[in-house]
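Below is a structure I'd like to ask you about.
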Protein chains: 2
Amino acid sequence: MATVAVENYLKHVLLLSDGAEELVPMGSLAAALAVVPGTATAMVKALADDGLLEHQPRLGVRLTTRGRRIALNVLRKHRLVETFLVETLKMDWSKVHAEAEQLEHAVSDEVLDRLDALLGHPRQDPHGDPIPSRAGKIDSQVYATLATCATGRRLRIVRVTEQSEEFLRFAEGSGLRPGAELSVTERNLVSGLVALDRPDGGTVALGVAAAGKILVEPRG
Amino acid sequence: MATVAVENYLKHVLLLSDGAEELVPMGSLAAALAVVPGTATAMVKALADDGLLEHQPRLGVRLTTRGRRIALNVLRKHRLVETFLVETLKMDWSKVHAEAEQLEHAVSDEVLDRLDALLGHPRQDPHGDPIPSRAGKIDSQVYATLATCATGRRLRIVRVTEQSEEFLRFAEGSGLRPGAELSVTERNLVSGLVALDRPDGGTVALGVAAAGKILVEPRG
DNA sequence: AGAGTTATTTTGACTAATCAAAATAGTTGG
DNA sequence: CCAACTATTTTGATTAGTCAAAATAACTCT
């Protein structure tokens with residue numbers, strides 16, 4: 001069985017490879033895992049020996065099929081657990097990420113399947129992140145963000161790609177959660193400011209970096 | 001924070017000290033944890049240095065107040081998780097012990113409280129084992145067992161104190177679960193056999209060792 | 001092309017938890 | 001009361017995962 005550390009390395013390589021093909025540089029992997037670069041190098045070599053990922057020295061890493069299978073399963077656990085914590089236990093969506101980081105390594109495949117059924121086989125977690133299927137398929141649709149979308153149009157938030165508690169509390173407080181509707185009234189790339197209108201008449205301003213974390217689609 | 005290993009040592013000292021005061025011998029602790037005796041000695045010395053238990057060399061160990069507090073919290077997590085797995089996820093009671101062994105170390109106190117509320121603050125888990133309260137109180141009532149109770153009387157099973165999957169599947173198959181009623185028709189200490197009658201007319205025979213794992217009370 | 005910067009890898013050391021096997025203490029039976 | 005047995009502790013090694021800091025490779029900029 002893969003240890004907690006192994007599962008975390010594989011999961012973060014998956015998350016950082018965004019889609020599938022590019023190499024993930026050691027630096028970003030080490031940063032994501034909060035370890036020093038040398039530690040990541042050592043661990044990656046061991047994982048490569050185990051056939052879970054491919055290491056191209058000085059360039060980066062890429063998951064093998066086996067590594068990807070494990071990583072997707074961990075991600076599925078993470079996101080289903082988050083959904084459970086919000087839907088069933090009524091926890092605040094800003095807190096469930098940290099909880100799921102622990103639970104994703106302790107939930108068995110059988111418990112996972114039963115959670116999935118209890119929740120009605122959800123496709124997204126509370127942040128709008130897609131939940132990999134048991135077979136390892138994951139929706140990889142590309143969305144515009146509040147930093148890149150057209151202004152003026154009516155939009156719906158589909159996903160908030162940032163897990164920090166502070167950010168999510170801010171988003172919650174500003175009505176920026178998946179499903180919410182809004183439009184971008186103004187975007188100034190010089191000042192780095194994005195202004196939003198909510199249907200209830202409220203307005204929100206945020207920086208482009210934050211705006212880039214919020215994915216939207218045109219209102220259907 | 002206590003590591004998984006530390007939580008397991010403390011939990012097993014609690015379970016083996018049965019009540020509170022006696023010293024738990026190193027041998028039984030090592031056996032319960034499935035480690036060699038030397039490992040248990042080393043770990044116990046470290047835990048004693050941390051003030052989580054008291055080590056009397058060559059005699060055994062006993063929890064301190066701090067160690068007991070942690071152990072009770074882990075046990076509470078274990079038993080509430082088991083209850084959740086059976087009640088909410090409809091898992092077989094013979095399998096939930098192994099699952100809970102993992103989850104007890106990953107569930108936060110906040111999730112624990114919410115699980116407790118979801119389940120309606122249960123007092124026993126699916127095996128009839130008492131669930132420690134958040135304050136650390138645990139019901140320590142002493143019951144007779146099928147190996148020690150009077151014969152002929154009408155009884156109700158209150159608890160099955162054995163977690164192995166095989167034993168629990170046997171118990172389930174023989175109708176021996178908490179709440180079930182029965183009476184002991186015969187007990188032969190020479191042959192080591194105990195015979196039971198069920199209200200539905202069925203009979204069950206089992207050895208005294210197994211009978212000792214099943215706690216009963218006179219039917220109210 | 002060479003100097004400087006940046007990313008990565010290497011090396012050496014450390015901690016937690018474990019095992020195997022030798023040493024020691026305690027207990028018990030003749 | 002001593003020999004033998006049993007339980008416990010000690011000692012020496014091992015593994016997984018980590019950090020700090022030195023070494024190396026690669027890239028960039030004039």
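In what follows, every heavy atom counts, from backbone to side chain, and hydrogens, waters and symmetry copies are set aside. If you're wondering where the values come from, they're calculated on a predicted model, not measured in any experiment. Every chain is numbered from 1 and lettered A, B, ... according to where its sequence line falls, protein lines coming before strand lines.
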Problem set entry | Contact under 4.0 Å: B/Thr39 side-chain N or O vs C/dC19 OP1/OP2 | yes
Problem set entry | Touch class at under 4.0 angstrom, heavy-atom based, for B/Val36 against every strand present | base
For this session: Specify the closest pair of heavy atoms between B/Leu63 and B/Ala71, including all atoms of both residues, with the distance to one decimal.
Result: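 Scanning both residues completely, I find the closest heavy atoms to be CD1-CB, 4.0 Å.
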Exercise. Do A/Asn8 and A/His105 meet the criterion of a side-chain donor-acceptor pair at a distance under 3.5 Å?
Worked result: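 Looking only at side-chain atoms, A/His105 and A/Asn8 do form a donor-acceptor pair, the distance falling under 3.5 Å.
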Exercise. For residues 5-16 of chain B, which residues have at least one heavy atom under 4.0 Å from DNA chain C?
Worked result: B/Ala5, B/Tyr9
Exercise. Checking side-chain contact (heavy atoms from CB on, under 4.5 Å) against B/Val61, which of B/His55, B/Gln56, B/Lys45 comes through?
Worked result: B/His55
For this session: Answer yes when B/Asp116 and B/Arg76 have at least one side-chain N-carboxylate O distance shorter than 4.0 Å, and no when they do not.
Result: yes
Exercise. Among A/Leu196, A/Leu146, A/Leu182, which one satisfies side-chain contact (heavy atoms from CB on, under 4.5 Å) with A/Ile214?
Worked result: A/Leu146
Exercise. Nearest to the side chain of B/Arg58 - C/dT8, C/dT18, D/dT9?
Worked result: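 Looking only at heavy atoms from C-beta outward on B/Arg58, the closest nucleotide is D/dT9.
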Problem set entry | Whole-Å distance separating the CG atom of B/Leu33 from the C1' atom of C/dA16 |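 Answer to the nearest Å: 15 Å.
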Exercise. In whole Å, what is the span from the CE atom of B/Met26 to the P atom of C/dT18?
Worked result: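 These atoms are roughly 12 Å apart.
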For this session: Specify the residue among A/Gly38 and A/Val4 whose closest nucleotide of DNA chain D lies further upstream toward the 5′ end.
Result: A/Val4
Exercise. Rounding to a whole Å, what distance do you find between A/Leu23:CG and D/dA26:C1'?
Worked result: 15 Å
Exercise. Looking only at heavy atoms, which two atoms of B/Ser94 and B/Glu165 are closest? And how far apart?
Worked result: O-CG, 3.4 Å
Exercise. So, do B/Tyr143 and B/Arg159 sit near enough that their side-chain heavy atoms are less than 4.5 Å apart?
Worked result: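 Of all side-chain heavy-atom pairs linking B/Arg159 with B/Tyr143, none is under 4.5 Å.
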Exercise. So what does A/Gly27 touch, heavy atoms closer than 4.0 Å: a base, only the sugar-phosphate, or nothing?
Worked result: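 It contacts sugar-phosphate atoms only.
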Problem set entry | Taking every non-hydrogen atom, the tightest pair across B/Met43 and B/Ala5 | CE-CB, 4.1 Å
Exercise. Looking at D/dT8, C/dT8, C/dA17, which one has an atom nearest to any side-chain atom of B/Thr3?
Worked result: C/dA17
Problem set entry | Residues within residues 41-57 of chain A bordering DNA chain D, heavy-atom distance below 4.0 Å | A/Met43
For this session: Search all heavy atoms of A/Tyr9 against all heavy atoms of A/Leu29 and return the closest pair with its distance.
Result: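 That closest heavy-atom pairing would be O-CD1, 4.2 Å.
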Problem set entry | Axis deviation across the helix from C/dA1-D/dT30 to C/dG30-D/dC1, five-pair ends, to the nearest 10° | 10°
For this session: Evaluate the criterion side chain to side chain contact (heavy atoms under 4.5 Å, CB included) for residue pair B/Glu104 and B/Arg79; output intermediate values, then yes/no.
Result: CA-CA 8 Å; B/Glu104 67 190 3; B/Arg79 292 182 174 168; over 6 Å; no
For this session: Answer yes or no: are there more than 12 heavy-atom neighbours, outside B/Glu186 itself, under 6.0 Å from its atom CD?
Result: no
